[in-house]
Amino acid sequence: MIEPEPLVVATYSRRMRLLLPDGRNVDARIKGKRLKPVCGDRVEAGPIPGESDWLITAICERRNELTRPNLRGKVEVLAANIDKLLVMAAPAPEPEWAIVDRYLCAAELINASAAVVFNKSDLAAESSVDEILNDYARIGYPTVRCSAKSGRNMDAVAELLRDGISIIVGQSGVGKSSLINRLLGDDRLRVAAISDKSGEGRHTTVNSAMLQLPGGGAVIDSPGVRDYAPALQPDEIVVGYREIAASSQACRFANCRHLREPGCAVKAAVDNGTISKRRYDSYRHLLALTTKLTSGQY
Ligand SMILES: Nc1nc2c(ncn2[C@@H]2O[C@H](COP(=O)(O)OP(=O)(O)OP(=O)(O)O)[C@@H](O)[C@H]2O)c(=O)[nH]1
Ligand SMILES: [Mg+2]
Ligand SMILES: [Zn+2]
């Protein structure tokens with residue numbers, strides 16, 4: 001049997017927390033400037049003689065990586081080796097469904113499964129939310145309405161997270177951290193302990209952290225962003241909207257972008273209501289955005 005490598009379970013800029021195969025947690029530094037481990041990475045690491053820190057010397061090959069362009073336009077890896085994305089929205093902050101679509105698109109492209117979670121169900125939501133969630137369910141994404149505050153449907157969320165490594169993503173303030181805390185229940189204090197120990201004797205913010213859930217599975221809490229655009233090429237967008245990809249098999253042209261091309265099966269499906277108009281508009285918008293970005297006009 002191959003011994004599993006240490007797993008990166010928290011990152012604080014250049015400092016890491018590792019979960020060792022024997023269940024111990026250790027703090028680690030990184031060898032060299034070029035190495036950039038993220039949560040979910042398996043790494044080669046060993047103890048530094050005379051210190052409690054370990055040293056990470058290499059990152060094992062990643063099965064996938066969830067990326068986003070940072071403010072400087074450079075691609076930044078959020079997490080690696082992800083099995084599932086839980087994309088969260090809520091009545092407040094006002095949901096931006098295009099952001100949900102973009103995360104779902106990213107999930108398709110990295111071969112991760114995905115689900116849509118609508119949190120804060122204790123608050124009143126726009127009536128259009130039902131229809132939008134139904135559209136996601138219709139194209140095969142599990143959807144759950146829950147409340148981290150009241151505890152509603154926490155079982156269903158725990159079930160979604162039960163296997164493998166998941167990451168919760170979504171706009172800032174939708175309740176990602178609250179939901180994880182709720183799921184952790186009595187283990188909540190442990191989270192605080194992990195986050196507070198920077199090992200440098202001063203407070204350091206956690207970039208991201210992976211928590212083992214009592215019901216099974218592990219989940220990565222990621223800091224929310226105001227906007228999210230996957231670092232993608234235009235032809236990848238077509239693949240990332242699963243119902244559009246499925247319909248496109250019947251388009252007249254193999255390289256159809258489903259905009260103004262004749263014989264477009266996707267446009268026909270939008271016209272007859274098989275594909276949601278909102279999803280189609282979101283697709284067109286993201287396609288236009290990535291086309292602009294990749295041609296350097298942005
Ligand atoms: N009413 C209500 N409020 C909630 C619920 N879940 C979270 N909140 C509140 O929403 C606010 C934001 O919650 P967080 O858990 O910090 O949100 P987040 O998604 O982790 O935000 P970032 O870390 O900034 O990305 C807090 O004031 C929470 O108390 C819920 O189910 N119902
Ligand atoms: Mg948070
Ligand atoms: Zn088409």
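Counting convention: from 1, in listed order, for ligands and their atoms alike. In this text, all values refer to a predicted model and were calculated from it rather than measured experimentally. Counting begins at 1 with the first residue of the sequence.
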Engineer: Between ligand 1 and G175, is the shortest N or O to N or O distance under 3.5 Å?
Structural biologist: yes
Engineer: Taking only heavy atoms of N119 into account, list the atoms of ligand 1 that are under 4.0 Å away from them.
Structural biologist: 5 (C), 6 (N), 31 (O)
Engineer: State whether the shortest distance between N or O atoms of K120 and N or O atoms of ligand 1 falls below 3.5 angstrom.
Structural biologist: yes
Engineer: Quiz question: by atom type and distance under 3.5 Å, do the side chains of Y141 and R242 form a donor-acceptor pair?
Structural biologist: yes
Engineer: Give the atom name of whichever N/O/S atom in H258 sits closest to the Zn ion (ligand 3).
Structural biologist: ND1
Engineer: Do Y136 and D101 meet the criterion of a side-chain donor-acceptor pair at a distance under 3.5 Å?
Structural biologist: yes
Engineer: For G173, is at least one N or O under 3.5 Å away from an N or O on ligand 1?
Structural biologist: yes
Engineer: Any salt bridge linking R252 with E261? Criterion: basic side-chain nitrogen under 4.0 Å from a carboxylate oxygen.
Structural biologist: no
Engineer: Using a 4.0 Å heavy-atom cut-off, say whether N181 meets ligand 1 through its side chain, its backbone, both or neither.
Structural biologist: neither
Engineer: Atom CD1 of I237 and atom CG of L286: how far apart are they, to the nearest 0.5 Å?
Structural biologist: 4.0 Å
Engineer: Got a sec: is S177 within less than 2.8 Å of the Mg ion (ligand 2) via an N/O/S atom?
Structural biologist: yes
Engineer: With heavy atoms under 4.0 Å as the rule, classify the contact between V174 and ligand 1 as side chain, backbone, both or neither.
Structural biologist: both
Engineer: I'd like to know if K277 and D281 make a salt bridge, using a cut-off of under 4.0 Å between side-chain N and carboxylate O.
Structural biologist: yes
Engineer: Which of parallel (below 30°), tilted (30 to 60°) and perpendicular (above 60°) describes Y241 and Y283?
Structural biologist: perpendicular
Engineer: Considering both backbone and side-chain atoms of S178, is one of its nitrogen or oxygen atoms within less than 3.5 Å of a nitrogen or oxygen in ligand 1?
Structural biologist: yes
Engineer: Is there any N or O on S222 that sits under 3.5 Å from an N or O of ligand 1?
Structural biologist: no
Engineer: By number and element, which atoms of ligand 1 are closer than 4.0 Å to a non-hydrogen atom of L123?
Structural biologist: 1 (N)
